[in-house]
S.K.: 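Below is a structure I'd like to ask you about.
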Amino acid sequence: MVILKLLQSIVKALHSEGTPGQVAAGMALGSILGLTPLLSLHNLVVAALILMLNVSVPGASLGWALAIPLGFALDPMFDALGRQLLLGTPALVPLWTALANLPVVPLSNFNNTVLLGSLVSALVLFAPIYFLCRWGVRRYRETIGERVRNSALYRAISASKLYGIYRLFRPET
Amino acid sequence: MNIAIFRWKAIVPLLLFLALLVGAWLLFADRLGRLALERGGTAALGAKVEVRSFHFSLGGGSVTLRGLVAASPFDSMQNLLEADELTADLDLLPLLEKKVAIDRLAANGLRFGTARTTSGFVPTSGPGASAQIMANVKSWAAQPALQVPILQLATGKLSVDSLDPRRLQTVQAAESLAARADSSRRAWSAAFDSLDAKTTADSAVAFAQRLRGARPTDLALLRDARRMLDRVKQTRDRLTALERGVKAGGTTLDQGLTSLQAARRRDYDFAKSLIRLPPIDATSIAWVLFGPEAVRKFQRALYYTELGRTYMPPGLLPRAHDGPRRARRPGTTVEFPRAHRPPGFLLRDAELSFFLGDDSAGPRRYAGRLQGLTSAPALYGRPTTLEVRAPTVTADGMFDHVHATSRDVMGATVRGIALPAIALPGLPLRVTPGRGDVSLGFALYGDSLRGRWTVTAPAATWQRDSGAAGGLAADVLWRVVSEIDNLDLTAELGGTLSHPELHVRSNLDQAVSDRLRSMIGAEVDAAESRLRVEVDRFADQQVAPLKAQVAQLTAEANARLQQGRQALDAAQQQVEQQLRRLTGGIRLP
């Protein structure tokens with residue numbers, strides 16, 4: 001079931017009406033949701049951005065789905081990075097101290113090693129993910145996209161209920 | 001082609017999503033708050049914390065907890081405290097900084113030490129602060145200085161260490177005296193040899209023979225006769241001096257022999273000390289009987305003090321602690337306190353209303369006040385204080401973590417309440433102090449410890465478990481304590497965390513000691529007699545030959561003195577007789 005939904009996400013993202021840039025932006029934003037712990041304040045902002053900005057929601061779903069296992073796998077690295085930033089870099093302590101005593105900011109749990117490490121990693125990876133995905137979607141559509149669109153599998157997926165929901169948030173071109 | 005940046009039609013779903021969030025907050029905030037409080041409290045205390053209901057009123061700026069139960073980290077079936085209701089007035093603005101500032105807290109219906117129906121222990125999952133503190137405190141209590149020899153009193157057996165003859169003073173003194181006797185023998189022998197009285201006497205006798213045929217006019221011979229006489233007299237004088245030396249030496253050796261008796265008496269005492277009777281020592285009775293309970297009291301006080309030091313650390317350095325439990329790795333959360341900003345947690349003022357003395361007269365209500373409980377004392381700038389004042393209860397506490405060296409002091413005295421029973425370790429006996437006074441004081445300055453636990457119970461009763469045997473000591477104790485109707489106990493703790501010292505005394509000490517001593521007195525006497533015989537055997541092996549050696553030595557010396565004097569006297573007499581014959585009794589110049 002999970003694999004089927006992932007396939008749906010992939011197919012819908014790649015064949016959505018959105019431009020490759022919109023799909024890539026969605027995937028880059030979705031990767032932030034997947035790479036960082038989900039129940040965090042910044043992810044509320046990311047989710048709002050995905051809805052409000054004219055990016056591909058299936059792309060965001062795909063980016064999220066693909067980034068979740070990556071996030072779990074890279075947690076030790078995020079932990080180490082966050083620890084280095086929070087505890088191992090004295091020059092940054094005044095910044096963290098200031099942020100920790102500002103309104104609202106502490107609610108983001110930025111002072112957690114895994115969260116900070118993963119968020120910093122996701123932000124650093126945002127641009128590479130965006131450009132890589134944009135190139136990949138473009139190449140896909142230029143090569144095998146049309147054949148897939150005419151396949152029985154694509155028609156089956158397009159007819160599903162999820163596709164109806166998707167149409168509500170399809171990118172405006 | 002222009003692509004719009006914003007997807008305006010998503011505003012409605014987004015607003016719906018936000019409305020859903022608000023709805024979820026309204027529905028689940030209390031439940032989430034309760035879960036967070038239970039989870040956080042359990043992690044902090046190291047035992048189950050449960051809350052029956054939690055209500056957060058954002059508009060009213062208050063939190064109300066009902067049915068708070070915090071289990072004891074030391075006793076799985078006992079609660080540390082229960083509270084009927086806690087109402088806290090929150091300062092709302094600090095919540096935006098994820099800080100909790102409680103202006104006023106009213107705690108009603110606090111009860112301490114109530115029984116549980118299920119275990120309050122929690123499995124330790126990872127190196128949490130409370131688990132670490134518990135391990136440290138258990139390690140502290142396991143130090144040799146705080147270990148009580150439970151079984152020594154329980155078995156009541158007396159042990160005797162082996163007697164090493166080399167450690168006996170009699171043997172050592174006898175060996176020393178024998179060496180001195182040998183030395184005297186050699187010295188006297190050399191003196192006799194150098195004096196050579198017999199040769200002098202023989203020369204004088206030979207000279208007297210020469211004088212028999214001499215003429216009175218042979219003046220040279222007469223002068224030689226005078227010289228011979230002088231030589232004989234000088235030899236006798238030296239013999240007299242040697243005699244004095246022999247006498248003095250003999251006296252010294254005799255004194256040495258006499259001193260062996262005193263050494264033997266000391267050896268008897270030493271042998272007596274080999275009989276091991278630690279519980280008979282009156283000062284150790286209370287230590288054996290009440291030491292473990294005293295250690296438990298101070299161990300608990302130390303645990304809560306260390307807990308306070310962990311969660312209320314001094315200074316403003318970043319503080320790391322475990323992150324929240326979640327599917328992802330929890331990581332480490334680092335707090336960054338800042339000067340002149342509110343601390344992460346602050347309870348300014350709490351009014352406490354609690355019950356004590358759940359006995360036939362029913363529980364009585366007391367009131368107290370807790371002020372300045374905070375996670376960052378350096379920011380608050382004042383120590384946390386606890387004060388309870390009531391006719392029969394006095395309690396004070398001060399937890400000063402404002403400065404680099406923490407100072408924690410707490411003390412409580414409760415008068416006229418039903419005191420809980422105390423089980424005697426390793427014995428099927430327990431004492432129920434009944435109504436009495438109890439006080440507990442504990443102070444930790446840096447790592448210096450001070451503690452005092454006293455129990456005064458004028459109407460104590462003793463119970464014996466019918467099923468358990470307990471042995472001789474239990475019988476003896478039971479016979480003693482069943483006749484004692486009061487308990488007066490004091491335990492004092494001192495030293496440092498790494499080198500604690502505990503002293504315990506009670507009114508049972510002398511009574512139990514006397515009874516135990518009389519019970520095993522016969523056994524002690526027999527052991528002492530056996531040891532005396534053994535001491536005598538070892539000592540006589542050395543002393544008897546030594547006595548003979550000294551007697552023989554002095555006899556030989558006296559005999560040689562006697563022989564020398566007789567020979568010299570005879571020789572002098574012969575020479576003088578010949579001189580008188582030659583001179584006709586006239587003294588020549």
Side-chain angles (χ1 to χ4, degrees), chain A residues 18-19 21-22 35-41 44 47-48 50-55 57 68 71-72 74-80 82-83 85-87 90 92-118 168-173, chain B residues 1-18 20-22 24-25 28 32 36 91-101 316-345 375-376 379:
Chain A
T19 64
Q22 286 173 307
L35 287 174
T36 62
L38 184 62
L39 296 177
S40 307
L41 190 63
L44 204 61
I50 290 170
L51 293 177
M52 286 300 299
L53 295 178
N54 195 11
V55 298
V57 172
I68 284 175
F72 274 90
L74 294 178
D75 261 354
M77 194 196 80
F78 295 151
D79 191 18
R83 193 176 298 276
L85 290 170
L86 287 171
L87 293 167
L92 290 176
V93 169
L95 171 67
W96 307 132
T97 306
L99 289 175
N101 290 278
L102 284 176
V104 181
V105 178
L107 298 175
S108 69
N109 287 334
F110 79 92
N111 55 341
N112 181 267
T113 51
V114 171
L115 192 138
L116 184 67
S118 60
L168 188 64
F169 294 101
R170 69 180 174 189
E172 295 169 354
T173 54
Chain B
M1 184 177 63
N2 282 335
I3 298 173
I5 293 177
F6 292 102
R7 186 190 285 122
W8 297 109
K9 67 181 180 184
I11 286 180
V12 175
L14 191 61
L15 289 176
L16 278 174
F17 178 66
L18 291 175
L20 268 176
L21 280 182
V22 173
W25 163 263
F28 298 111
L32 292 174
D91 199 353
L92 292 178
L93 276 180
L95 289 178
L96 288 175
E97 296 178 29
K98 211 179 170 186
K99 294 172 179 173
V100 177
L316 292 175
L317 291 174
R319 296 157 192 170
H321 58 83
D322 292 342
R325 281 170 56 193
R326 56 189 173 204
R328 296 281 292 267
R329 179 182 276 242
T332 302
T333 298
V334 187
E335 306 293 341
F336 293 93
R338 185 180 201 176
H340 313 302
R341 298 294 301 164
F345 176 82
S375 60
L379 291 180

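Sequence lines set the chain letters: A, B, ... in the order given, protein chains first and strands last, and positions in each chain run from 1. Quick note: numbers below take in every heavy atom, side chains included, and nothing from hydrogens, waters or symmetry partners.
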S.K.: For B/Pro94, is it the side chain, the backbone, both or neither that has a heavy atom under 4.5 Å from a heavy atom of chain A?
M.R.: neither

S.K.: Quick check for you: among A/Thr97, A/Asn101, A/Leu44, which has the greatest number of heavy-atom pairs under 4.5 Å with chain B?
M.R.: A/Asn101

S.K.: To the closest 0.5 Å, what do you measure between CG (A/Leu107) and CG (B/Leu96)?
M.R.: 6.5 Å

S.K.: In terms of heavy-atom proximity below 4.5 Å to chain B, should A/Leu116 be classed as side chain, backbone, both, or neither?
M.R.: neither

S.K.: So B/Arg326 and A/Leu39, side-chain contact (heavy atoms from CB on, under 4.5 Å) or not? Walk me through it.
M.R.: CA-CA 10 Å; B/Arg326 56 189 173 204; A/Leu39 296 177; over 6 Å; no

S.K.: Heavy-atom distances under 4.5 Å only: say whether A/Ala47 touches chain B with side chain, backbone, both or neither.
M.R.: neither

S.K.: Could you tell me if A/Asn111 and B/Thr333 have a donor-acceptor pair between their side chains, going purely by distance under 3.5 Å?
M.R.: no

S.K.: Between A/Leu102 and chain B, with a heavy-atom cut-off of 4.5 Å, which part of the residue counts as in contact: side chain, backbone, both or neither?
M.R.: backbone

S.K.: Which of the residues A/Asn109, A/Leu115, A/Val114 is involved in the greatest number of heavy-atom pairs with chain B at under 4.5 angstrom?
M.R.: A/Val114

S.K.: So how far is it from A/Leu53 CG to B/Phe6 CZ, rounded to the nearest 0.5 Å?
M.R.: 6.0 Å

S.K.: Report the option among A/Val93, A/Thr36, A/Leu99 that has the most heavy-atom pairs separated by less than 4.5 Å from atoms of chain B.
M.R.: A/Thr36

S.K.: The criterion is salt bridge (Lys or Arg N to Asp or Glu O under 4.0 Å); which residues satisfy it with B/Arg328, sequence neighbours excluded?
M.R.: A/Asp75

S.K.: For the interface with chain A, which of B/Gly331, B/Gly323, B/Pro324, B/Ala320 has the highest count of heavy-atom pairs at distances below 4.5 Å?
M.R.: B/Gly331

S.K.: Is there a donor-acceptor pair closer than 3.5 Å between any side-chain N or O of B/Arg329 and the backbone N or O of A/Leu74?
M.R.: no

S.K.: Tell me which donor-acceptor pairs under 3.5 Å the side chains of residues 334-343 of chain B have, and how far apart each pair is, sequence neighbours excluded?
M.R.:
from, atom 1, to, atom 2, distance (Å)
B/Glu335, OE2, B/His321, NE2, 2.9
B/Arg341, NH2, B/Glu97, OE1, 3.1
B/Arg341, NH2, B/Glu97, OE2, 2.3

S.K.: Can any side-chain N or O of A/Thr113 pair as donor or acceptor with the backbone N or O of B/Thr332 at less than 3.5 Å?
M.R.: yes

S.K.: At a 4.5 Å cut-off on heavy atoms, which part of B/Leu18 comes close to chain A: side chain, backbone, both, or neither?
M.R.: neither

